[in-house]
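Following: one structure in structure tokens, then a few remarks.
All heavy atoms count here, side chains included; hydrogens, waters and symmetry mates do not.
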Amino acid sequence: MEVLKEWLGHPKELYNLAWFKMGGYKTVMPKMDQDVLSQSLCYKYLNQTGRTAALVIQMLDREVRHAVCIFYLVLRAMDTVEDDMTISLETKIPILQKFHSYLYQPEWRFMGSNDKDKQILEDFPTISLEFRKLDKVYQDVFADICPKVGLGLAKFLEKEVESMKDWDMYCYYGTALAFIGFSQIFSASKLEDPVIGQDVELVLSLGFFLQKTNIIRDYHEDQLMGREFWPREVWSKYAKKLSDLAKPENINKAVQCMNELIINALHHVPNILTFLSRVKNQSIFNFYAVAQVMAIATLAACYNNPQVFQGAVKIRKGQAITLMMDATNIQAVKAIMFQYLEEVSWAYRIMGFKKTVINIPNPTNCHLCPLHEHAWGTLNYRTHYSSIYLSCVMLSAAMAWHYMSIALKVTEKYVHADKY
């Protein structure tokens, strides 16, 4: 009942969630190449491990869909090795350092993982086979990016994140390099101009933003698993040990520490908007934009929220679906970004600070992110709905609640707003 009350407070999200659960998303999904799907387990693994990414990848145009799927799975395989704390450093470091070579070894697999995504390591021969079927122009992207990612992840297994520069470097290896690879694939396909893959500074901002969001949000999970990715340069100003931030007596300082990291992450927003304004293909735009708007929504949910230090903080399922449906053009993305920047600024002001982080309502005078008029343009603000419409939505939702809860749980895996 509490969930229903929450949804009734967000009628647009409730309507979109009902539409999604009833299969509405299938009307906008491109027809999949069924013979490829039947020959490969890769899309099964994608749906098991990719969550939100699975949907946007499968909505990509046919020319790039399979290459992006395989690239994503290879990167997730490396990430799985890195994250699995049951694998000794003596085992995982050499694996990561040589991981790119396993793409050319038909029989290589790893059976020593206990991670929830271990199936992509245990059945890696299926993934590597699909890699070897790709056109050479796509294989070259793997050959360029995967060795760098593997070496970088291995490096930070033996190196702590001390400075903000270290934090950026870890994010570079963890996610930003992946976005360089995605952009190179899109450029190689001719669906996008070469500049999409060449403007490295802009592309990196997309990866930095996602990785920093994950690191901030996953504080509690990482502490439980014995992992630490928050930069000492920041957290040491608030506690003697990073784990001390979770203590009840330190919660105010913990929130201040987290807020400082969130503000740092939000500085990537201008580059993200500039990059997205240059993307021409609709499916590729959606691929990039959905992850970014979900990230900023997650940061807004985390900002000033002590729950981050006690458990997972996720955006609502209906909220995630609404973001996926709305983030289809640059003006809509700008409006979404500004909406959540407003929320962060409002939270900052109620904390008692006289100087605001973001000047509201004029987005062209943003102190947090120096967004100029050419970046924001004309913003399309939230749609307003009539009281009759909202009442109908609420009534329909209440009538459908029981049916939706029991019969359609299978689609919920697509709307978990956690790791992209």
Side-chain angles (χ1 to χ4, degrees), residues 71-72 74-85 87 89 92-100 141-184 197-219 221-223 225-238 241-242 245 257-272 274-275 288 291-292 295 298-299 302 369 419-420:
F71 186 58
Y72 181 86
V74 171
L75 295 174
R76 281 306 295 263
M78 285 192 278
D79 184 64
T80 300
V81 173
E82 181 212 12
D83 284 347
D84 192 338
M85 301 303 290
I87 305 174
L89 290 182
K92 68 169 59 178
I93 288 177
I95 289 177
L96 288 171
Q97 291 172 335
K98 299 185 294 184
F99 203 93
H100 64 283
V141 175
F142 288 64
D144 175 37
I145 300 298
C146 293
K148 297 175 184 176
V149 173
L151 290 172
L153 294 179
K155 173 184 176 181
F156 274 93
L157 287 173
E158 299 182 298
K159 173 181 172 59
E160 294 184 355
V161 180
E162 297 284 349
S163 65
M164 293 300 288
K165 183 178 179 181
D166 288 340
W167 201 40
D168 282 345
M169 187 57 65
Y170 176 76
C171 293
Y172 171 78
Y173 293 125
T175 301
L177 269 173
F179 275 82
I180 295 291
F182 290 134
S183 298
Q184 289 177 352
Q198 294 170 357
D199 202 331
V200 175
E201 181 180 356
L202 297 183
V203 180
L204 289 177
S205 290
L206 279 73
F208 284 145
F209 193 56
L210 294 190
Q211 186 71 7
K212 289 180 179 181
T213 297
N214 289 337
I215 290 173
I216 293 167
R217 182 206 55 205
D218 291 344
Y219 169 89
E221 177 186 337
D222 286 338
Q223 283 292 302
M225 299 300 295
R227 302 185 295 248
E228 294 189 352
F229 300 112
W230 284 28
R232 182 186 298 271
E233 180 180 333
V234 174
W235 65 255
S236 62
K237 295 186 293 185
Y238 302 93
K241 297 187 298 182
L242 181 57
L245 294 177
C257 177
M258 174 182 63
N259 289 349
E260 184 173 340
L261 294 179
I262 291 175
I263 297 302
N264 173 276
L266 289 173
H267 276 84
H268 296 292
V269 169
N271 277 353
I272 292 169
T274 300
F275 177 86
Y288 285 126
Q292 304 303 314
T298 300
L299 288 180
C302 291
C369 300
K419 283 188 178 180
Y420 186 74

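At least one side-chain heavy atom of Q223 sits less than 4.5 Å from a side-chain heavy atom of E228. I215 has its side chain out of reach of L261: every pair of non-hydrogen atoms, C-beta onward, lies at least 4.5 Å apart.
Taking both residues in full, the closest heavy atoms of M164 and P231 are given as SD-CG, 3.6 Å, listed atom of the first, atom of the second, then distance. What you find for Q97 and A154 is that their closest heavy atoms are CG-CB, 3.8 Å. The two atoms that bring V203 and S183 nearest to each other are CG1-OG, 3.6 Å, heavy atoms only. Considering all non-hydrogen atoms of both residues, M85 and R227 come closest at SD-CG, 3.5 Å. Closest non-hydrogen pair, Y173 versus V149, comes out as O-CG1, 3.6 Å. Minimum heavy-atom separation, F71 to I145: CZ-CG2, 3.8 Å.
Within a 6.0 Å sphere centred on CD of E162, heavy atoms belonging to other residues, nucleotides or ligands number more than 12. Annotation for K237: atom NZ counts as buried by contact number, over 12 foreign heavy atoms lying within 6.0 Å.
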Derivation of the side chain to side chain contact (heavy atoms under 4.5 Å, CB included) call for W230 and V161: CA-CA 7 Å; W230 284 28; V161 180; over 6 Å; no

Using the side chain to side chain contact (heavy atoms under 4.5 Å, CB included) rule, take F99 and V74 through it: C-alpha gap first, then chi angles, then the decisive distance, then the call. CA-CA 9 Å; F99 203 93; V74 171; 4.3 Å; yes

Check the pair L204 / F179 against side chain to side chain contact (heavy atoms under 4.5 Å, CB included), numbers first and verdict last. CA-CA 7 Å; L204 289 177; F179 275 82; over 6 Å; no

Given Y238 and L245, is the side chain to side chain contact (heavy atoms under 4.5 Å, CB included) satisfied, shown in steps? CA-CA 8 Å; Y238 302 93; L245 294 177; 4.2 Å; yes

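Atoms CG and CE, from L153 and M78 in turn, are 7.0 Å apart once rounded to the nearest 0.5 Å. With values rounded to the nearest 0.5 angstrom, I272 atom CD1 is found 12.5 Å from H267 atom NE2. Atoms CG and CZ, on D222 and R217 in that order, are 9.5 Å from each other to the nearest 0.5 Å. Atom CG in N271 sits 12.0 Å away from atom CZ in F209 (nearest 0.5 Å). Put simply, CG on D168 and NE2 on H268 are 5.5 Å apart, with the number rounded to the nearest 0.5 Å. Atom SG of C146 and atom CG of L151 lie 11.0 Å apart (nearest 0.5 Å).
Proximity of a side-chain donor or acceptor of D79 to a complementary backbone N or O of R76 within less than 3.5 Å is not detected. Panel note: side chain T274, backbone P270; a donor-acceptor pair is recorded below 3.5 Å. Here the side chain of K212 pairs no donor or acceptor atom with the backbone of W167 at under 3.5 angstrom.
Between F229 and Y170, the angle of the ring planes stays under 30°, which puts this pair in the parallel group of the 30/60° scheme.
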